[in-house]
Amino acid sequence: MAEAAPLYDTYSRAPLRFERGEGVWLITEGGERYLDFGAGVAVTSVGHGNPHVVAALKEQADKVWHLSNIYEIPGQERLAKRLTDATFADKVFFTNSGAEALECAIKTARRYQFSKGHPERFHIITFEGAFHGRTLATIAAGGQEKYLEGFGPKAPGFDQVPFGDIEAVRAAITDATAAILIEPVQGEGGVRPATSEFMKALRRICDENGLLLILDEVQTGVGRTGKLFAHEWSGITPDIMAVAKGIGGGFPLGACLATAEAASGMKVGTHGSTYGGNPLAMAVGSAVLDVILADGFLEHVRDVALVFRQGLASLKDRYPDVIEDIRGEGLLLGVKAAVPSAELLQAIRAAHLLGVPAGDNVIRLLPPLVVTAEEAREGLARLERAAESIRASKVKKTA
């Protein structure tokens with residue numbers, strides 16, 4: 001009888017064991033090379049083993065790893081200043097993950113309304129298909145039954161409406177509404193972008209009703225869509241924004257950004273984190289920004305994304321029996337499969353290409369942002385081999 005695994009049985013893991021990474025490649029213990037177009041679910045933004053980021057981590061590791069927020073941490077001030085200089089925000093709270101950044105965002109919005117004399121305003125309008133994390137509050141915000149089941153009563157204060165339905169948003173507003181929370185592109189929900197018109201309408205609604213606009217840019221932020229943050233494409237700014245994944249380049253790091261007004265209710269003692277903003281994370285986050293904010297980098301992301309998008313459109317035209325649709329922004333792309341997405345995922349892994357499953361029968365392609373046009377074409381070639389193998393298998397079954 002096999003010995004029981006010592007880990008929780010909460011993951012359905014692929015039978016792959018990677019030993020090291022180089023840029024956009026992952027290498028298994030047996031030496032097999034995989035083109036990593038999953039990037040740890042949009043995390044390894046500047047590639048595996050990026051020399052600049054590795055050097056920053058090693059340098060800080062020789063100094064101090066952890067202090068806690070009992071003391072001033074200069075790295076926090078430096079990174080926060082860089083983030084506020086580059087965005088709408090005036091204030092930053094550092095976390096270790098996206099879910100924690102969303103928790104901070106939710107608390108910031110509720111506390112703002114409380115501090116303005118409206119304690120009854122704690123409800124937040126969210127959208128069907130959303131994914132905001134795995135804590136009790138964020139699974140309630142996401143509203144997906146598969147994540148809520150078995151964890152007791154759903155945390156109150158989240159009112160869901162259909163994604164993209166502006167009239168449903170208006171109808172959902174009550175005297176208890178504090179804010180609206182949205183992902184500019186739903187990642188887990190199937191790579192579904194909100195239109196610029198919808199984002200602008202949400203901003204207007206918030207302004208008209210004294211609500212805060214919260215953006216979940218955990219997956220879409222830090223260059224992923226070709227702008228530093230995805231909301232820039234629609235020409236609006238939020239009041240609060242949650243960031244994680246790409247900002248740490250693989251090191252656990254998240255942040256909640258807010259205007260001074262939105263953050264005005266967050267006084268001493270209202271929130272905290274033991275590890276949030278630790279010196280190691282701050283060194284890595286600053287090094288990642290060095291890469292992302294370098295002249296021409298975001299233009300590079302947009303250029304490679306265009307090559308990638310055109311290649312995917314060609315594959316869709318040639319393999320309509322395998323690929324139904326292409327969607328997304330920048331290097332956050334989704335392939336909606338015409339076959340079960342698990343079948344397509346298995347086929348691309350067989351071609352030594354890595355992607356990430358999502359809702360709506362979609363496979364996400366999220367390469368590190370340092371990916372070259374040549375590497376994008378190599379990924380397309382492997383995806384084509386996968387599509388060809390699925391087609392051949394279908395033909396064989398009907399023969």
Side-chain angles (χ1 to χ4, degrees), residues 23-26 33-39 41-42 45 47 184-196 219-220 223-227 230 233 296-398:
V24 300
W25 296 89
L26 281 170
R33 293 172 64 85
Y34 282 75
L35 196 53
D36 183 13
F37 279 17
V41 195
S45 52
V185 182
Q186 286 191 341
E188 182 85 11
V191 191
R192 300 194 300 165
T195 65
S196 290
Q219 190 162 156
T220 57
R224 177 55 56 185
T225 67
K227 296 278 191 183
W233 289 108
F297 185 84
L298 293 175
E299 183 181 1
H300 157 82
V301 172
R302 295 192 291 270
D303 289 346
V304 175
L306 182 60
V307 170
F308 206 2
R309 188 66 178 256
Q310 290 174 337
L312 288 171
S314 174
L315 287 176
K316 172 182 173 290
D317 290 342
R318 287 182 287 127
Y319 296 92
D321 52 331
V322 179
I323 298 173
E324 180 181 320
D325 191 25
I326 304 298
R327 52 178 70 163
E329 298 286 347
L331 291 176
L332 171 52
L333 293 167
V335 177
K336 183 173 172 62
V339 298
S341 60
E343 184 179 342
L344 179 56
L345 186 61
Q346 185 176 3
I348 69 172
R349 280 180 186 158
H352 284 207
L353 175 67
L354 302 176
V356 179
D360 201 25
N361 208 45
V362 166
I363 301 297
R364 280 172 282 182
L365 298 175
L366 313 159
L369 304 182
V370 294
V371 65
T372 65
E374 182 180 0
E375 288 164 338
R377 293 188 186 99
E378 176 61 29
L380 290 165
R382 293 177 185 223
L383 181 57
E384 181 167 9
R385 290 205 296 273
E388 190 63 51
S389 71
I390 291 173
R391 175 176 287 175
S393 176
K394 290 168 73 173
V395 169
K396 186 177 180 181
K397 286 177 183 177
T398 57

Asker: Are the charged groups of R318 and E384 less than 4.0 angstrom apart, N to O?
Answerer: yes
Asker: Side chains of R385 and S389 only: does a donor on one sit below 3.5 Å from an acceptor on the other?
Answerer: no
Asker: Quick check: does any side chain N or O of Q346 sit under 3.5 Å from a backbone N or O of E343, one acting as donor and the other as acceptor?
Answerer: no
Asker: List the steps, then state whether side chain to side chain contact (heavy atoms under 4.5 Å, CB included) holds for F297 with L369.
Answerer: CA-CA 9 Å; F297 185 84; L369 304 182; 3.7 Å; yes
Asker: Search all heavy atoms of L383 against all heavy atoms of L353 and return the closest pair with its distance.
Answerer: N-CD2, 4.0 Å
Asker: Regarding W233 and T225, do their side chains bring together a donor and an acceptor under 3.5 Å, going by distance alone?
Answerer: yes
Asker: Out of curiosity, L365 CG to F308 CZ, how far, rounded to the nearest 0.5 Å?
Answerer: 4.5 Å
Asker: Test salt bridge (charged side-chain N to carboxylate O under 4.0 Å, His left out) on E188 and R364 and set out the steps.
Answerer: CA-CA 9 Å; E188 182 85 11; R364 280 172 282 182; 3.2 Å; yes
Asker: State whether R192 and D360 are salt-bridged, where the test is any N-O pair (Lys NZ or Arg NE/NH1/NH2 against Asp/Glu carboxylate O) under 4.0 Å.
Answerer: no
Asker: Within the structure provided, determine whether L366 and Q219 are in side-chain contact (heavy-atom separation under 4.5 Å).
Answerer: yes
Asker: Backbone N or O of V371 within a donor-acceptor pair of the H300 side chain at under 3.5 Å?
Answerer: yes
Asker: For P357 and L345, work out which heavy atoms get closest and say how close.
Answerer: CD-CD2, 4.0 Å
Asker: Look at the side chain of R224 and the backbone N and O of L332, then say whether any donor-acceptor pair between them is shorter than 3.5 Å.
Answerer: no
Asker: Between the main-chain N or O of A386 and the side-chain N or O of R391, is there a donor-acceptor pair closer than 3.5 Å?
Answerer: no
Asker: So, do R382 and L35 sit near enough that their side-chain heavy atoms are less than 4.5 Å apart?
Answerer: yes
Asker: Just by distance, do the side chain of D36 and the backbone of P368 share a donor-acceptor pair under 3.5 Å?
Answerer: no
Asker: Would you say the side-chain atoms of D325 pair up with the backbone N or O of K336, donor to acceptor, closer than 3.5 Å?
Answerer: no
Asker: Using modelled atom types only, decide if a donor and an acceptor are shared between the side chain of R327 and the backbone of G334 within a distance under 3.5 Å.
Answerer: no
Asker: Y34 vs H352 aromatic rings, parallel, tilted or perpendicular, using cut-offs 30° and 60°?
Answerer: parallel
